[in-house]
Participant: 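Dropping a structure here in C-alpha cells format, bear with me for questions.
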Amino acid sequence: MSSKKKPAPAKAKDRAGQIDKLRAEIEEHNYRYHVLDDPFISDSRYDGLIRVLEKLESEHPEFITANSPTQRVGAAPLGRFESIDHRVPMLSLNNAFSSQEVAEFDRRCREGTGRESISYVAEPKIDGLAVSLTYEHGQLTRAATRGDGRTGEDVTLNVRSISSVPLQLRSDDVPLVLNVRGEVFMPVAGFQMLNEQQNARDEKLYVNPRNAAAGSLRQLDSNVCAQRRLSFFSYAVGIWEGSDSPATQIQMLERLREFGLPINPLAREVDGLNACLEYYREVLALRDALDYEIDGVVYKVSSVDDQQALGSVSRAPRWAMAHKFPAEEEITVVKAIEIQVGRTGALTPVARLDSVFVGGVTVSNATLHNASEIERLDVRKGDTVVIRRAGDVIPEVVSVVFDQRPRGTRRFIFPTECPVCGSGVSADEGGVIRRCDGGLVCSAQLKESIKHFSSRLAMDIEGLGAKLVEQLVDRGRVKTPADLFSLSATEFAALERMGRKSAENLIASLETSRRTTLARFLFALGIPQVGEATAQTLAQHFGALERLMPATVESLETVADVGPVVAREIRRFFDQPHNQRVIEALRRHGVNWPEEAPTVVPDGVFAGKTVVITGTLPNLSRDQARRWLIEQGAKVSGSVSSRTDFVIAGTDPGSKYDKAVSLGIEVIEEHEMKALAGKVTD
Ligand code: 9MJ
C-alpha cells in the first residue's frame, strides 16, 4: 500500500528555494520585456516558466506569496469599487494649444525661478487613464484611479492583472513607501483585437483605445480585465518616503526604471523653449507609428527645487504643461447624408456635418464608406456623431452618440437608382460596393473621369481644374476625354472664372499634354483596377497599345502583378466599343507617345501558361529559371494546382512533383523546357 508521504523538512526548504529562484527568474524576464524592451526568451517559454511555478505552488500552497507572478489574476468579482483618498492629490495638467502658449509657459517658469534657461523633461502625453500605485516595502499594495484628484476608486485587483505593472519593485534600495503615478492605456493592436472579439460576440464596440482601457479598468471582475491587453507607463511620484528622493525629474524617471517600473522610451531632457518645440514636432511626426495613442507632449521643469519654487495653482502644477496635438476625434451633428458618385460609378455615402476642427483642419464632410457601414453605425440625419481624422486619412464617422439622438429620426435608405443620372444600381461581387450602371452617360462619372484624365500623374493638363470640368460637362460640351482637344480658346474664355489669357494658357497646356507616354495614357484612361504602377508595368510589358488592346486575359495574367481580376477588367475595358472609339478619337486629335520595344512577345509554348519549378535544376538556379520563364511569357507560381500547366522538375523535387503527377500535369526537365521554347504553338 502506498501512502502519500509528507515531504521531509529539508526537502520543503529546497522547494521553497526552488520556487523563490523561479519567481526571481520570471520577474527578471518580465522586467526585460516590459521595461528594457529587450526580452531574452520567447513568450511561449515565458508561459512555460509560469506553468512550472503554478505547478510547484499548487504542490506547496504554503509557499504562495501575495505578489508571486502567478497571483495576478483569479480573485472573485467585486460588488463595487471602494473609494480611496489620495494622500497627496493627483494633479492635472494645464494645456497649451499653440507655440505661443508654450512660450508663455516657458517665460513664467524662467521668471518664477530666476533662471535664464530651463531644463525640461519632455515626454509623450499618453491618452489613457491616470492611476496611482502605492508600493510599501517594495510590494504593490494599492492602485487607485484619479477620480476627482482627491478621491479615486480602488482598482488594485485590476491593475495587478496588467503584466507591465511590477507586483514588487526590483531594487534592494527601494523607498519604504513609494507612490507612483502613471497612465494605464490599451495598445492599438490590443484595442483592435478586443473590438474584433466584441464584434464576434455581438457585443458593443469600443469607440477608441482610451474608452476601451477605461471600460476594462472598471470591470468588477478582474478576470475580465486580465483578458484585456492593458499596459502602463509611469511618469510622476506622489510620495517617496524612507530614503532621499532624486533632485531632478529625469533622475526620478531613471530611478523608477531601476525599480522595474516602465518609463516611456521617448522621455528625455530638453533645454529651453526651442528644444521643447522641436520635441513636439518630432513626436507629432512619430505619432501614427506608435502602437499606443498619444494626444500631445508634456514638458516638466526638471529640477525638483524649481518645481517647488513654482508650486501649483488650482490642482495643476505651474511647472508642467501639456502641449496638445490637434484632436483626432471630435463630436458634431450630421446635417444630411448624401451619395457621391465616383469615377467608376461607386456610390459612396457622405455625411454633411456642422463644421468642426479636427486633426488640424476644419472638416465639414466625412465618409460613411458604403451601405453596410451605414447599417452597422445606424447613423441618421440629425444624429450627433464622433468623427475622426488621423494623419492624412479621409475623415470618417466613428460612432453615433445614441443618447443624443433627437426624436423622429429615420433610418437612411440606400438609393436603388443613381441620384445623379437615374440609372440602375448594382452591387459588386462582395455585395458591399454599389455602382451606378450609367457609365459615361452619368454626368458624375463623366466629370470624375475627365478630372482623372487631366490630373497630374495622368495627362497632366495644367489649368484644367475641377470647376472648369464641371462647367464643360454641364454645358454638354465635353462627353468624352477626346472632346477636350476640340475646344477653342474662345469656348474656354466663355466659361466662368476664365479670361482670354487663361484660356490661351489652357490651349497651350492641352497642346503640351498631347505628347505623353504610353504609361500615362493607360493610367489616364481610368481602366478599373489599373493604377499608376500597373499602367507602367503594362506599358513596359507590351511596349505598344496595338499589342496591349487585343491581349487575351490569359496573356494579361502573365504580366507581373496582374491577377485574374485585373486581367478581366482590362479585357472588358478594351472590348467596349465606346472605349475603342474614345481611344481612336484621342489619337486622331494627336495624342501620341514614343513607341517602345516590348519586353516580351508572348507567343511561345509558355506564353500565358502557369509554371511551377521544383527541385534543383542542372544548369539554372531557381531564380534564373523563373526569370527565363517570365521572359517567355509564363506566369511562375509557387504551388501546384489544377491551374498549373507545366512543372519543371530538377533533382529532389519533393511533394510538388507528387501533386503534379496526381493531377496529371505535364512534368518536364530543364533541357525539355529549353527545347520546347524553340517551338511556337499553333
Ligand atoms: C501623460 N498622460 O502621459 C502627466 N502624462 O504629470 C504625463 N500625464 C502628468 N505626465 C502630472 N506624461 C500630472 C499628469
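Numbering of ligands and ligand atoms starts at 1, following listing order.
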Participant: Please say whether E183 places an N or O atom under 3.5 Å from an N or O atom belonging to ligand 1.
Facilitator: yes
Participant: Do any nitrogen or oxygen atoms of K300 lie less than 3.5 angstrom from nitrogen or oxygen atoms of ligand 1?
Facilitator: yes
Participant: May I ask you to identify the nearest protein heavy atom to atom 8 (N) of ligand 1, giving residue, atom name and distance to one decimal place in Å?
Facilitator: Y235 CZ, 3.1 Å
Participant: Pull out every atom of ligand 1 sitting under 4.0 Å from any heavy atom of V298, numbered as shown with elements.
Facilitator: 7 (C), 12 (N)
Participant: What are the atoms of ligand 1, with element, lying closer than 4.0 Å to any heavy atom of E123?
Facilitator: 7 (C), 10 (N), 12 (N)
Participant: So which heavy atom in the protein is nearest atom 11 (C) of ligand 1, and how far is it from that ligand atom?
Facilitator: L93 CD2, 3.8 Å
Participant: When you check the side-chain N and O atoms of S119 and S302, is any donor under 3.5 Å from an acceptor?
Facilitator: no
Participant: May I ask whether P124 places a heavy atom under 4.0 Å from ligand 1?
Facilitator: yes
Participant: Are F325 and Y280 an aromatic pair, judged by ring center distance below 6.0 Å?
Facilitator: yes
Participant: Regarding R380 and the six-membered ring of F412, is the cationic atom NZ or CZ under 6.0 Å from the ring centre and inside 45° of its axis?
Facilitator: no
Participant: Would you say the side chains of E183 and Y235 form a donor-acceptor pair under 3.5 Å?
Facilitator: yes
Participant: Looking only at N/O atoms, are I126 and ligand 1 under 3.5 Å apart anywhere?
Facilitator: yes
Participant: Give a yes or no on whether the backbone of W240 and the side-chain of S245 come within a donor-acceptor separation of less than 3.5 Å.
Facilitator: no
Participant: May I ask you to check whether F233 and F185 place their ring centers less than 6.0 Å from one another?
Facilitator: yes
Participant: Would a distance-only check, ignoring hydrogens and angles, find a side-chain to backbone donor-acceptor pair under 3.5 Å from Q198 to L194?
Facilitator: no
Participant: Return the closest protein heavy atom for atom 13 (C) of ligand 1 as residue, atom name and distance.
Facilitator: L91 O, 3.6 Å
